[in-house]
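See structure below.
This one's a predicted model, so the numbers in the text were calculated from it and none came from an experiment.
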Amino acid sequence: MCPMPSAESTPASVREPDSVRPTREDAVAAAGSELIGGPLGRRALLGTSWWTPVRVIALVAIGMFALGLVQKAPCYNGAWFFGASSQYTHACYSDIPHLYQGRGFVDDLVPYFDKLPGDMEYLEYPVLTGVFMEVASWLTTGSGSIQHQEQWYWMVNAGMLMVCAVVIAVCVTRTHARRPWDGLLVALAPAFALTATINWDLLAVALTSAAVLMWSRMRPVAFGVLLGLATAAKLYPFLILGPLLVLCWRAGRWREFGKALGGAAVAWLVVNLPVMLFAFDGWSKFYTFSQERGVDFGSFWLILVHNTDNPPSTETVNTLATLLMLLCCGAIAALTLIAPRRPRFAQLAFLIIAAFILTNKVYSPQYVLWLVPLAVLARPKWRDFLIWQACEVAYFLGIWMYLAYTTSGDAHKGLPTDGYHWAIGVHLLGTLFLCVMVVRDILMPDRDPVRQTGHDDPSGGVLDGARDVFVLGPAARTGQHSAHFEGPLVRWGAGRQTGGSLSANE
């Protein structure tokens, strides 16, 4: 394979590939565009008006978020406060109003420092999420009935979370610079709108999305700082460092990984250390609660517990879930090192978080938010994304109908246990389906929708177009390409991408 031309030697006539238009590359996107007048034409004036992709997608994200708020209206007007099962039959449950009083915000208790009345001694959320909750309580009116205050608290949080939702959509739009319209998948994701205000997960998702954007812009320190902050808001983001380590190993980019790891550690310590030193019992509650929590909603472990006469103990499930996760980590690492081309960063980030979700002992419906931006970057294919989203919407409805069944007494309004197990199965199969498609793209990179349009790894930052220095298996031999593919092959691994698709015969 001949070396890639440098920027200096590239003729002026060779220009960067145009932005990818989903309506030209994706049949489902083209069909869906008929609702707004049909596919984008070649004479469209892109970038010459106020309506840039980023602004359009941000506005769509706000619109979908607003629809999600409307979906919660039955609860806002009473179901959160009168009748336990009505918030489930309307599928509009949210933790936010309930925890305003339940976690002491109404009484001005300081999270982690002040003990709470009831069974939960301290706030069971990571520190940065606790700060987010506390700030929202400061902005909540302290007058009126407790119902009025809880309504205000939810609305204030909703406004803050809407900012996070816009940040996520914009970051995804800008991460793949030549695929800006992929951000519409985030903005239009139905499960995103339905679950956005159930809990405070959007804060960690926004920080993680911003971190991925920084990595794509070759700013490893900023990536590390943002990922450290995301981990201070929710545990899952630190898992992304694992695939990044193996990718940097394959590409020999140790310095950049070291900067990212250092930035993440420092940012996490800056947030956590003050609370850790002065309120250790409160700070550690999140970690002890996660460890002691039994098998809960949404996991395949729950199906196992419900269908066995001798269910495993919480300690046994913790051990087995950890072993399963470690096996998944090993498999992803092996896949990274033996793949015919180095996998894209977003692909592996999606796989590691999906593995955590699939093996974990609990799956709350808002956990889908963790995957949405990573799924869009990993496989921006409308058909597959919408199949997965349909499965998640089915699970969203399933869990609330199951809780309606268990809280409606003898009336048994809702979905019985067996039906809920099927809803869990649909969620698991939908996530596995998307994982399989991403793995297929890794093993057969010429089928990857991102690489088919002439890119290597637009979210990879310093990894984009980098040479391999450590590879295992057949990938160690040059010129390896997927079999049974007649489309364009993308040359990579010999410098930054400067043109479009190239022949594999060079």
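- Formation of a donor-acceptor pair under 3.5 Å by the Asn307 side chain with backbone atoms of Ile303 is found in this model.
- Contact detail for Leu434 and Ala375: the closest heavy-atom pair is CD2-CB, 3.8 Å.
- No donor-acceptor pair under 3.5 Å is formed between the side chain of Thr316 and the backbone N or O of Pro312.
- Of the charged side-chain nitrogens involved, none lies within less than 4.0 Å of a carboxylate oxygen, so that Lys285 and Glu124 do not count as a salt-bridged pair.
- In terms of heavy atoms, Ala267 sits closest to Val225 at CB-O, 3.3 Å.
- Within 6.0 Å of atom CH2 in Trp152, 12 or fewer heavy atoms from other residues, nucleotides or ligands are found, so the atom counts as exposed in its surroundings.
- In this structure, CD1 on Ile168 lies 4.5 Å from CG on Leu202, to the nearest 0.5 angstrom.
- Here OG1 of Thr173 is found 10.0 Å from CG of Leu185. Values are rounded to the nearest 0.5 Å.
- With sequence neighbours excluded, the residues satisfying side-chain contact (heavy atoms from CB on, under 4.5 Å) with Ala321 are Trp301.
- A side-chain donor-acceptor contact under 3.5 Å links Ser284 to the backbone of Asp281.
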- Query: Where do Tyr122 and Phe113 land on the ring pair (Phe, Tyr, Trp, His ring centres under 6.0 Å) test, with the steps shown first?
  - Reply: CA-CA 8 Å; Tyr122 296 100; Phe113 289 85; 9.3 Å; no
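- Side-chain rings of Tyr125 and Phe132 stay apart, their centers remaining 6.0 Å or farther from each other.
- Checking side-chain atoms of Gln389 against main-chain N and O of Ala191 turns up a donor-acceptor pair under 3.5 Å.
- Remark: Val106 pairs with Tyr100, Gln101, Ile146, Gln149 by the side-chain contact (heavy atoms from CB on, under 4.5 Å) rule, at least two apart or across chains.
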- Given the rule in the side chain to side chain contact (heavy atoms under 4.5 Å, CB included) test, do Cys329 and Ile352 qualify, once you have shown the distances and angles that lead to the verdict? CA-CA 7 Å; Cys329 291; Ile352 198 71; 3.6 Å; yes
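- Taken to the nearest 0.5 Å, the CG atom of Leu194 stands 12.5 Å off from the CD atom of Gln366.
- The shortest distance between side-chain heavy atoms of Leu323 and Leu327 does not fall below 4.5 Å.
- Judged by distance alone, with hydrogens and angles left aside, the side-chain atoms of Ser459 form no donor-acceptor pair with the main-chain N or O of Ser216 at under 3.5 Å.
- Residues Trp80 and Glu150 have side chains not in contact (no heavy-atom distance under 4.5 Å, counting atoms from C-beta outward).
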- Message: Could you walk me through whether Phe345 and Ile240 satisfy the side chain to side chain contact (heavy atoms under 4.5 Å, CB included) test, starting with their C-alpha distance in whole Å, then the side-chain angles of each, then the deciding distance to 0.1 Å, before giving a yes or no?
- Response: CA-CA 9 Å; Phe345 174 43; Ile240 293 175; 3.5 Å; yes
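- Side-chain atoms of Ile96 and Trp200, non-hydrogen and from C-beta on, do get closer than 4.5 Å to each other.
- The distance from the CG atom of Leu403 to the CG atom of Leu415 is 10.0 Å, given to the nearest 0.5 Å.
- In this structure, Thr431 OG1 and Ile353 CD1 are separated by 12.5 Å, a value rounded to the nearest 0.5 Å.
- Between Lys234 and Asp201, at least one side-chain N (NZ, or NE/NH1/NH2) sits under 4.0 Å from a carboxylate O, which counts as a salt bridge.
- When all heavy atoms of Val372 and Phe192 are compared, the pair lying nearest together is CG1-CD1, 3.9 Å.
- Ser86 places a side-chain N or O within 3.5 Å of a backbone atom of Phe82 that can act as its donor or acceptor partner.
- In terms of modelled atom types and a separation under 3.5 Å, the side chain of Tyr153 and the main chain of Met133 share a donor-acceptor contact.
- Ring-centre distance between Trp154 and Tyr76: below the 6.0 Å cut-off.
- When every heavy atom of Ser137 is checked against every heavy atom of Glu134, the shortest pair comes out as OG-O, 2.5 Å.
- The backbone N or O of Leu304 lies less than 3.5 Å from no partner atom in the side chain of Thr308, so there is not a single donor-acceptor pair.
- A distance of 4.5 Å separates CG in Asp384 from CZ in Arg379, rounded to the nearest 0.5 Å.
- Looking at Met160 and Val135, their side chains come closer than 4.5 Å, going by heavy atoms from C-beta outward.
- At distances below 3.5 Å, at least one donor-acceptor pair connects side-chain atoms of Thr129 with backbone N or O atoms of Ala233.
- Around the CH2 atom of Trp422, the shell of radius 6.0 Å holds no more than 12 heavy atoms that belong to other residues, nucleotides or ligands.
- At least one side-chain heavy atom of His427 sits less than 4.5 Å from a side-chain heavy atom of Tyr363.
- When every heavy atom of Ala91 is checked against every heavy atom of Phe396, the shortest pair comes out as O-CZ, 3.5 Å.
- Residues Glu256 and Trp215 form a side-chain contact, since some pair of their non-hydrogen atoms from C-beta on lies under 4.5 Å apart.
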- Query: Can Asp182 and Leu377 be said to form a side chain to side chain contact (heavy atoms under 4.5 Å, CB included), step by step?
  - Reply: CA-CA 8 Å; Asp182 289 344; Leu377 295 174; over 6 Å; no
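- You'll find the side chain of Pro458 stays beyond 4.5 Å of the side chain of Arg178, heavy atoms only.
- Inter-residue side-chain proximity for Lys72 and Thr197 is flagged as met; some heavy-atom pair is nearer than 4.5 Å.
- Between Trp283 and Tyr112, the distance from one ring center to the other does not fall under 6.0 angstrom.
- In this structure, the side chain of Asp464 does not engage the main chain of Gly460 through any donor-acceptor pair within 3.5 Å.
- Under a cut-off of 6.0 angstrom, the local environment of CZ in Arg217 is crowded, with over 12 non-hydrogen atoms contributed by other residues, nucleotides or ligands.
- Contacts classified as disulfide bond (SG atoms under 2.5 Å apart) and involving residues 75-173 (residues at least two apart or in different chains) are given here: Cys75-Cys92.
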- Task: Show your reasoning for whether ring pair (Phe, Tyr, Trp, His ring centres under 6.0 Å) applies to Phe433 and Trp388.
- Result: CA-CA 8 Å; Phe433 162 75; Trp388 170 59; over 10 Å; no
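- Looking at every heavy atom in both residues, Thr89 comes nearest to Met401 through O-CE, 3.6 Å.
- Using cut-offs of 30° and 60° on the angle between ring planes, the pair Tyr402 and Phe297 is perpendicular.
- In this structure, Trp370 has its ring center closer than 6.0 angstrom to the ring center of Tyr367.
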- Message: With side chain to side chain contact (heavy atoms under 4.5 Å, CB included) as the criterion, how do Tyr88 and Thr406 come out once you've worked through the C-alpha distance, each side chain's angles and the decisive distance to 0.1 Å?
- Response: CA-CA 10 Å; Tyr88 304 132; Thr406 59; over 6 Å; no
